[in-house]
Amino acid sequence: MYNSLKNSLSQFIPKRFLFKIEPLLRKIYAISKKGKKHECVICNFNASNWVHLTNNDLLCPNCGSLCRDRRLWYLLKEKYIKSGITVLDFSPSRTLFRIWKKEKNIQHIASDLSDDFMSEVAYDITQIPEQENQFDLIICYHILEHVIEDLKAMNELYLSLIHI
């Protein structure tokens with residue numbers, strides 16, 4: 001049901017507008033999925049079941065997070081997110097982008113070249129147009145396998161980090 005509903009809406013609603021109304025649509029959809037079997041570590045929603053996607057991934061019906069989003073957010077919250085940090089995030093999921101924007105006292109810059117993700121800038125990961133030693137945390141999750149010059153990208157990421 002979820003997949004067919006998503007496919008139907010995406011045929012009639014422009015992608016950018018769909019991104020804007022997605023949280024409301026998810027809240028409405030999630031009403032039917034309330035329960036006590038699963039809890040999302042991102043939005044704290046208690047669900048009877050995750051949404052099973054065609055690729056066998058499990059989606060939170062409330063915030064739309066995938067397994068990898070929930071795993072990443074859990075690790076970041078436990079060890080790396082602190083007040084006052086500056087974060088550069090390459091192609092964040094829409095769910096994590098929205099969560100980052102709610103975090104107080106954290107500067108989050110989202111970058112995406114493909115226009116498939118929500119972002120404020122479009123940085124080439126092999127030539128980040130920021131000063132060296134600019135970021136406390138760089139998130140590059142499921143990105144480098146798509147970069148032809150991955151060694152150049154890793155060097156650029158290293159130079160962009162603040163080294164203490």
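We're numbering straight along the sequence, starting at 1. Computation of the quantities below employed the complete heavy-atom set of this structure, encompassing side-chain atoms and omitting hydrogens, waters and symmetry-equivalent molecules.
- In this structure a side-chain-to-backbone donor-acceptor pair under 3.5 Å is present from Asp136 to Thr86.
- Taking a 6.0 Å sphere around CG of Asn56, one finds it holds 12 or fewer heavy atoms contributed by other residues, nucleotides or ligands.
- Residues Phe135 and Ile81 are members of separate hydrophobic clusters, defined by side-chain heavy-atom contacts under 4.5 angstrom among Ile, Leu, Val, Met, Phe, Trp and Tyr.
- Shown here is Lys101, whose NZ atom has more than 12 heavy atoms of other residues, nucleotides or ligands within 6.0 Å.
- We find that Glu103 and Lys77 are joined by a salt bridge, their nearest charged nitrogen and carboxylate oxygen being less than 4.0 Å apart.
- Contacts classified as side-chain hydrogen bond (donor to acceptor under 3.5 Å, both in side chains) and involving residues 151-161 (residues at least two apart or in different chains) are not found.
- By the ring-ring contact (aromatic ring centres under 6.0 Å, His included) test, Trp73 is found to be paired with Trp100, residues two or more places apart in sequence or in another chain being considered.
- Using a 4.5 Å cut-off between side-chain heavy atoms of Ile, Leu, Val, Met, Phe, Trp and Tyr, with links allowed through other members, Val121 and Val147 fall into the same hydrophobic cluster.
- Linking ILVMFWY residues whenever their side-chain heavy atoms come closer than 4.5 Å, directly or via other members, places Val41 and Ile139 in the same cluster.
- Both Leu157 and Leu161 belong to a single network of hydrophobic side chains, linked directly or stepwise wherever heavy atoms of I, L, V, M, F, W or Y lie under 4.5 Å apart.
- For His38, the side-chain hydrogen bond (donor to acceptor under 3.5 Å, both in side chains) criterion is met by Trp50, not counting sequence neighbours.
- Nearest heavy-atom pair, Ser65 versus Arg70, reported as atom, atom and distance to 0.1 Å: O-NH1, 2.6 Å.
- The side-chain contact (heavy atoms from CB on, under 4.5 Å) with Val87 is formed by just one residue from the set Leu76, Leu137, Ile109; it is Leu137.
- Side-chain N/O atoms of Ser91 and Asp112 include a donor and acceptor closer than 3.5 Å.
- At most 12 non-hydrogen atoms from other residues, nucleotides or ligands lie less than 6.0 angstrom from CD1 of Ile148.
- Considering every non-hydrogen atom in both Asn105 and Ser83, the closest pair reads CB-OG, 3.2 Å.
- The two residues Ala110 and Ser119 have their closest heavy-atom pair at O-CB, 3.3 Å.
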**Request:** Might you work through the side chain to side chain contact (heavy atoms under 4.5 Å, CB included) test for Asn62 and Lys27, ending with a clear yes or no?
**Result:** CA-CA 6 Å; Asn62 188 61; Lys27 297 279 183 227; 3.3 Å; yes
**Prompt:** Are Gln107 and Ile85 close enough, and set up right, to give a side chain to side chain contact (heavy atoms under 4.5 Å, CB included), and what steps lead you there?
**Reply:** CA-CA 6 Å; Gln107 182 183 0; Ile85 63 172; over 6 Å; no
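- Of all the heavy atoms in Phe97 and His108, the pair that sits closest is CD1-CE1, 4.3 Å.
- The shortest heavy-atom contact between Leu59 and Arg26 is CD2-NH1, 3.7 Å.
- Residues Phe45 and Ile42 fall into different hydrophobic clusters, defined by Ile, Leu, Val, Met, Phe, Trp and Tyr side chains chained together at heavy-atom separations under 4.5 Å.
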